Amino acid sequence: MEISSTEAIRKKIISDAEDKSKELIEQARKKAEEILNAAKKRAEEMKKTELDQVKKHVEDSSKQDIAEKKVGYHRRLQTFKSQIIDGVFDKAKEELQRYVNRPDYRETLKNLIIESAVALGGGKLSIRLNETDKKKMSRVTLKKLSAVINEKTSTTTEAVLDESTARTIGGAIVYAVNQQASTDNTLEARLERIKEDSKAELEAILFK
Amino acid sequence: VKLPKDFSDILNDLKILKNAEEEAKKIVETADFEAEKTIRDAEEQAASVVSEIETEVRKAARDLREEADVNITSEVENLEKEFVQDVKEMKDRASEKMDEAVSYVINRVLEIEVQKRVS
């Protein structure tokens, strides 16, 4: 069967259009597939990144919360320990208040004075005591004390009672009159000094 | 191949070709429209995929936080129990050793250097 040239051209036009159409649709299908794949890939990457970030944030935050709690508990524990140690010193002070009424305190008082006087190097000394202890310190006792200090420091020593009264449960504040120096050897001052440097020993006794 | 015999045949042929051109144009336009729609649909689907994943991520993040909260609460409760126990043990021990500690302090207070040499 013969085909007219017009019909052939017509068929070619339609055929070209159909080919073009197929090509357009195929290109679109490929592009659509690319778009979808890219979106899926991007979404999966975003999911991984965001979840990793959230996991890290949650982990960091949890660790920090726990660490803060631990620090808080440690601080509270230290506060309790300090309170207990303060309690030890309160009790010790009560014991010392009873001790100063015992006869053997008299010897302790003398030794506290000697210790301070030796530290100051002897010489002209003024000894400040509380009202009760003043009564225990006769002129004779002071002379004897001066002699002991003299012997220990190899310095001529004259110890006299200070006119002022110390506000203390016991012990003495000794002034070196010529040197304008003094040592506080009251029982409270000694307690304070011990409090400073016996923390480790007391913690070992009380908490270990 | 037959050649057109007269002018009317030529006109007829031209008409046929013009119609074919129009038909071809329509075919391409339809395909173009369909291609654009395919891409638009893909873009919508892509947006939907991203949106679904975003929702999934938000839910997973919320779950992670909730799980972490539960773990922290449990760990804090354990720490609190340990702390309460530690405090109790510490207080019990300190109470037992209080007299020893007080004696230690008193001895230190009365530990006078000269006293040793004098006595």
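Each chain gets a letter, A, B and so on, in the order its sequence line appears, and its residues count up from 1. Note that the coordinates shown come from a computational prediction; the quantities given were computed from them, not determined experimentally.
A:K47 touches chain B through backbone and side chain together, each having a heavy atom under 4.5 Å away. Of the two parts of A:A204, only the backbone, made up of N, CA, C and O, holds a non-hydrogen atom closer than 4.5 Å to a non-hydrogen atom of chain B. Heavy atoms of A:K31 lying under 4.5 Å from chain B belong exclusively to its side chain. B:E34 touches chain A through its side chain: at least one heavy atom from C-beta onward sits under 4.5 Å away, while N, CA, C and O do not. Residue A:K93: no heavy atom, backbone or side chain, is found under 4.5 Å from chain B. Contacts of A:R193 with chain B are absent, with no heavy-atom separation under 4.5 Å from either backbone or side chain. Contact annotation for A:K55: both backbone and side-chain heavy atoms come within less than 4.5 Å of a heavy atom of chain B.
In the displayed structure, A:K134 atom NZ is contacted under 6.0 Å by more than 12 heavy atoms of other residues, nucleotides or ligands.
No side-chain heavy atom of A:K69 sits less than 4.5 Å from a side-chain heavy atom of B:F83. B:I112 is listed as a side-chain neighbour of A:R190, based on a closest heavy-atom distance under 4.5 Å. Using a 4.5 Å heavy-atom threshold, the side chains of B:L110 and A:Y99 count as touching. Contact check for B:E54 versus A:M46: side-chain heavy atoms found under the 4.5 Å cut-off.
Distance check, rounded to the nearest 0.5 Å: CD1 of B:I16 to CD1 of A:I9 gives 10.5 Å. Taken to the nearest 0.5 Å, the CD atom of A:Q27 stands 12.0 Å off from the OG1 atom of B:T38. The CD1 atom of B:I53 sits 14.0 Å away from atom NZ of A:K48, with the distance rounded to the nearest 0.5 Å. Once rounded to the nearest 0.5 Å, the distance linking CG of A:D65 with CD1 of B:I72 reads 4.5 Å.
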Counting only pairs under 3.5 Å, give me each side-chain donor-acceptor contact of residues 94-107 of chain B, with atom names and distances, residues two or more places apart or in other chains.
{"unit_1": "B:K97", "atom_1": "NZ", "unit_2": "B:E100", "atom_2": "OE1", "d": "3.2"}
{"unit_1": "B:S103", "atom_1": "OG", "unit_2": "B:D99", "atom_2": "O", "d": "3.1"}
{"unit_1": "B:Y104", "atom_1": "OH", "unit_2": "B:R108", "atom_2": "NH1", "d": "2.8"}
{"unit_1": "B:N107", "atom_1": "ND2", "unit_2": "B:S103", "atom_2": "O", "d": "3.2"}

For A:I84 and B:M90, run side chain to side chain contact (heavy atoms under 4.5 Å, CB included): C-alpha distance rounded to whole Å, both residues' side-chain angles, the deciding distance at 0.1 Å, then the answer. CA-CA 10 Å; A:I84 289 169; B:M90 185 190 75; 3.8 Å; yes
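No other option in B:V49, B:V109, B:V57 has as many heavy-atom pairs under 4.5 Å with chain A as B:V109. Note: B:R65 leads B:K37, B:K26, B:R65, B:E89 in heavy-atom pairs under 4.5 Å with chain A.
Between the side chains of B:E82 and A:Y73, no donor N or O sits under 3.5 Å from an acceptor N or O.
A donor-acceptor pair is defined here as one N or O able to donate and one able to accept, closer than 3.5 Å; such a pair exists between the side chain of B:R93 and the backbone of A:I205.
Smallest separation of non-hydrogen atoms from B:A20 and A:I13: O-CG2, 3.6 Å. A pairwise comparison of heavy atoms in A:I35 and B:A46 identifies CG2-CB, 3.9 Å as the closest pair.
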